[in-house]
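Written out below as structure tokens is the structure these notes cover.
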Number of protein chains: 2
Amino acid sequence: MSTQAMRGTVTIEEVAAAAGVSRSTVSRVVNGSTAVSPEALESVNRAIAELNYVPNRAARSLASRQTHAIALVVPEDTTRFFGDPFFAAIVSGINSRISKSDYVLNLFIANDDPGDKTTSYLRSGAVDGAIVVSHHTSDTFIDRIAAVVPVVYGGRPVRERERDYYVDVDNARGARVATEFLISRGHTRIGTITGPLDMPAGVDRLDGFRAALADHGLTAAAVEDGNFTAADGADAMRRILETGDVPDALFIASDLMARGAMNVLAGAGLKVPDDVAIIGFDDSPVATSVTPPLTTMRQPSFEQGEEMAGILLDILAGRSPRHVTVLDTELVVRASV
Amino acid sequence: MSTQAMRGTVTIEEVAAAAGVSRSTVSRVVNGSTAVSPEALESVNRAIAELNYVPNRAARSLASRQTHAIALVVPEDTTRFFGDPFFAAIVSGINSRISKSDYVLNLFIANDDPGDKTTSYLRSGAVDGAIVVSHHTSDTFIDRIAAVVPVVYGGRPVRERERDYYVDVDNARGARVATEFLISRGHTRIGTITGPLDMPAGVDRLDGFRAALADHGLTAAAVEDGNFTAADGADAMRRILETGDVPDALFIASDLMARGAMNVLAGAGLKVPDDVAIIGFDDSPVATSVTPPLTTMRQPSFEQGEEMAGILLDILAGRSPRHVTVLDTELVVRASV
DNA sequence: CTGAAAGCGCTAACAA
DNA sequence: TTGTTAGCGCTTTCAG
């Protein structure tokens, strides 16, 4: 390996010289153009390998106006991002799809960023497009990003516009199915622990819950909200217990919150499902790690991630994918109901 | 907001024109040079705000040979990355330090990347430096990255060289302290579940364990290894149970593995700490979420992350930080011993 | 303190 | 199929 190869400063010019062709031809080879003779191809490729040439990203991006990078923007703090298996699943899905393309994924945990550097970074042409998961009403910086690069949302965006692209799960229907299952089991005093009400997913699940109840002439026995975390589920459960009026069943908008609630219930000497039946949402790994195993609505998060990435890739490739995709949820019956 | 501002294509040229100065002056203002008159400063800043100007990253990077981006490289699969609170803590620490600087953090979950795109991306000048956590013997692509940009390792790198920068915790000492604590409690038939032996952290903890035992004329009652996950801890525990010869105490190299092991123990009708005393490593949130709460060696992962980021920032600023930093661990006594 | 001029390394017409 | 020629938007001497 030559010294300059070690220094990582080989330019297209040197490759061209070594291969005995012009810069343009090297560029064509690097970019996979077919209009190159076999001999030229061969000698350029050899020169590239010998010199250990890697095209300079900035120069390429400046000239082509493309970065081949995609941002994954998570408007949450690190704790919640890492604490919730939902993100693990959705990021895996995104990563799986992106890694089959020639794009790279940059991750931005945006909430931890006081100076809003994320926004100006993304607006500075650092990426070709962005995927936003976990979108809150208060996250106005997203709009500023969407003004500059195509954005695909995970979940219905908070201020939906016609031109928005997003992949959602049918939260309202999922909540409705879950609640109806509780009703079908003979429960009548049914409460809920909702997700954050500044997120469409939180609102939609609450709506579905209420709709199911209304269909059967019932009203909510309790409504408390949380931010999808186990700690919030525990807090919400405590608030419900404090009312002294414990529901006989609970629809809880995330498995993690269900786990927190179940802990509190156990501490209070209440049995699941005998005293309180519980149904969660997600079907994440925690659903099977709690005792008793959690009945829950499965949402296809990995697939959601793959789909989002696929749509963004389509947009970037100049295709015209569907704007709205809604994936279905599925009831998974275990022992908590 | 003007149309061009919306399109995000305002260039330094237009700002200069609007402010009635030259490109150079705008550049000076943007880069915080002091050699600008108050009037020029004022009018440039106004033009920037009015036009909503954001400097083009690629152009700036091409001209200045800096990207102001740092890569966080995690050679693990997504599942383990998201499943282990250790990463949450270390990433929080890194993020916390970086977000106070004017650098941005790009995350690469490198193992999921079949075509080794991460390597060529990082070698293409896309970042100014990299932080590598969870380094395995087999991860040779790291060397190719380290040849091009400064790298700071979390934990002693697998092939340590003098010029390497890293921040480690004193794993050997931590394991030793943990094991000695078990011995001091009167245990003599002590086993261990180690971390992966292709990682220095795994090896060092095993060494410390063995050293403590040797000091007291004891030998290991069982040695099984795992990849730091709960599932691996459970598997290892099963293998130990299968020998029919159950140790009366276990040093387990991660809290997550301890949790897995405790589940298996409970399933086998064995009580912690009465039948088997257990001490873990990490003091992650899982330590307090298991029953009984886990005695464990606390490692300062958040601080480790902060320190790593600080060192890289120092290198990039042209300072000369210490190459090796070793942080201490601390025994946290709870009910599992 | 300011502006002019020369690139940074690459892509993309346009000719040949 | 190939090379020549302009830039992409910015930083950075170097004069003034």
Side-chain angles (χ1 to χ4, degrees), chain A residues 4-5 7-44 47-48 51-69 102 120-121 123-126 128 148, chain B residues 4-5 7-44 47-48 51-69 102 120-121 123-126 128 148:
Chain A
Q4 52 185 5
R7 286 188 11 247
T9 49
V10 184
T11 70
I12 197 172
E13 199 82 46
E14 305 169 44
V15 175
V21 298
S22 73
R23 288 211 308 259
S24 309
T25 299
V26 177
S27 177
R28 287 185 188 104
V29 171
V30 168
N31 292 293
S33 160
T34 47
V36 178
S37 69
E39 307 82 61
L41 214 191
E42 151 76 10
S43 69
V44 168
I48 287 176
L51 297 174
N52 211 239
Y53 168 68
V54 179
N56 179 292
R57 200 102 192 166
R60 180 192 280 221
S61 155
L62 182 57
S64 69
R65 319 180 131 281
Q66 293 201 4
T67 64
H68 282 272
D102 56 344
S120 67
Y121 184 77
R123 285 175 60 87
S124 70
D128 294 339
V148 178
Chain B
Q4 51 186 6
R7 288 190 8 250
T9 48
V10 184
T11 70
I12 198 173
E13 199 81 45
E14 305 170 44
V15 175
V21 298
S22 72
R23 288 211 306 260
S24 312
T25 298
V26 177
S27 177
R28 287 185 190 104
V29 171
V30 168
N31 292 294
S33 163
T34 49
V36 177
S37 69
E39 307 83 57
L41 214 191
E42 152 75 9
S43 69
V44 168
I48 287 176
L51 297 173
N52 210 236
Y53 169 68
V54 178
N56 179 292
R57 201 101 191 166
R60 178 191 280 222
S61 155
L62 182 56
S64 70
R65 319 182 129 281
Q66 294 201 5
T67 64
H68 281 273
D102 57 343
S120 67
Y121 184 78
R123 285 174 59 87
S124 71
D128 293 339
V148 178

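So that the names make sense, note that chain A is the first sequence line, chain B the second, and so on, each numbered from 1.
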(request) Ignoring the backbone of Thr25(B), work out which of dC10(D), dT2(C), dA6(D) is nearest its side chain. (result) dT2(C)
(message) Looking at every heavy atom in both Ser27(A) and Ile12(A), which two are closest together, and how far apart are they?
(response) N-CD1, 3.8 Å
N/O to N/O distances under 3.5 Å, protein versus nucleotides 14-16 of chain D:
none

(request) Using atom CD of Glu39(A) as one end and atom P of dT2(D) as the other, report the distance to the nearest whole Å. (result) 7 Å
(message) Does dT11(D) have OP1 or OP2 under 4.0 Å away from a side-chain N or O of Arg60(B)?
(response) yes
(request) Consider the side chain of Ser24(B), meaning its heavy atoms from C-beta on, and name the nucleotide among dG3(C), dC10(C), dT11(D) that approaches it most closely. (result) dG3(C)
(request) Looking only at non-hydrogen atoms, find the nearest pair between Ala18(B) and Leu51(B) and report the distance. (result) CB-CD1, 4.0 Å
(request) Compare side-chain N and O positions of Asn31(B) against OP1 and OP2 of dT11(D) and report whether any pair is under 4.0 Å apart. (result) yes
(message) For the backbone of His68(A) and the side chain of Arg57(A), can you confirm whether one donor and one acceptor N or O come within less than 3.5 Å of each other?
(response) yes
(request) List the atom of Ala47(B), the atom of Ala19(B), and the distance in Å for their closest heavy-atom pair. (result) CB-CB, 4.0 Å
(request) Output the single nucleotide from dC10(D), dT11(C), dG3(D) whose closest atom is nearest the side chain of Pro55(B). (result) dC10(D)
(request) Please determine, for the side chain of Ser22(B), which listed nucleotide (dC10(D), dG3(C), dC8(D)) has the closest atom? (result) dG3(C)
(message) Rounded to whole Å, how long is the line connecting atom CD of Glu13(B) with atom P of dT11(D)?
(response) 13 Å
(request) For Ala40(A), answer base if it contacts any base atom (sugar-phosphate contacts may also be present), sugar-phosphate if it contacts only those atoms, and nothing otherwise; contact means non-hydrogen atoms under 4.0 Å. (result) sugar-phosphate
(request) Just compare dC10(C), dT2(C), dC10(D) and give me whichever is closest to any side-chain atom of Asn56(A). (result) dC10(C)
(request) Map Leu41(B) and Arg65(B) onto DNA chain C by nearest heavy atom, then report which one ends up closer to the 5' terminus. (result) Leu41(B)
(message) Keeping Asn31(B) on the side-chain end and Ser33(B) on the backbone end, is there a donor-acceptor pair under 3.5 Å?
(response) no
(message) Looking at Asp128(B) and Gln66(B), would you say the former's side chain and the latter's main chain have a donor-acceptor pair under 3.5 Å?
(response) no
(request) Establish whether the base of dT11(C) is bridged to the side chain of Arg23(A) by a donor-acceptor pair shorter than 3.5 Å. (result) yes
(request) Provide, to the nearest angstrom, the distance between the CD atom belonging to Glu14(A) and the C1' atom belonging to dG9(C). (result) 11 Å
(request) Mind listing the closest non-hydrogen atom pair of Tyr53(A) and Val30(A) along with its distance? (result) CE2-CG2, 4.0 Å
(message) Tell me the interatomic distance from Ile12(A), atom CD1, to dT5(D), atom P, rounded to whole angstroms.
(response) 17 Å
(request) Report yes if a side-chain nitrogen or oxygen of Thr11(B) is closer than 4.0 Å to either non-bridging phosphate oxygen (OP1 or OP2) of dC8(D); otherwise report no. (result) no
(message) Closest approach to the side chain of Val36(B), judged atom by atom: which nucleotide of dC10(C), dT2(C), dG9(D) is it?
(response) dT2(C)
(request) Calculate the interatomic distance between Leu62(A) atom CG and dC10(D) atom C1'; express it in whole Å. (result) 8 Å
(request) Would you classify Val30(A) as touching base, sugar-phosphate or nothing, given that sugar-phosphate means primed atoms plus P, OP1 and OP2, and contacts are heavy atoms under 4.0 Å? (result) nothing
(message) When you measure from the side-chain N and O atoms of Ser64(B) to the phosphate of dT11(D), is any distance below 4.0 Å, counting only OP1 and OP2?
(response) no
(message) Using the side-chain heavy atoms of Ser27(B), tell me which of these nucleotides is nearest: dT11(D), dC8(D), dA12(C).
(response) dT11(D)
(message) Treating Ser64(A) as the side-chain partner and Arg60(A) as the backbone partner, does any N or O pair qualify as donor plus acceptor under 3.5 Å?
(response) yes
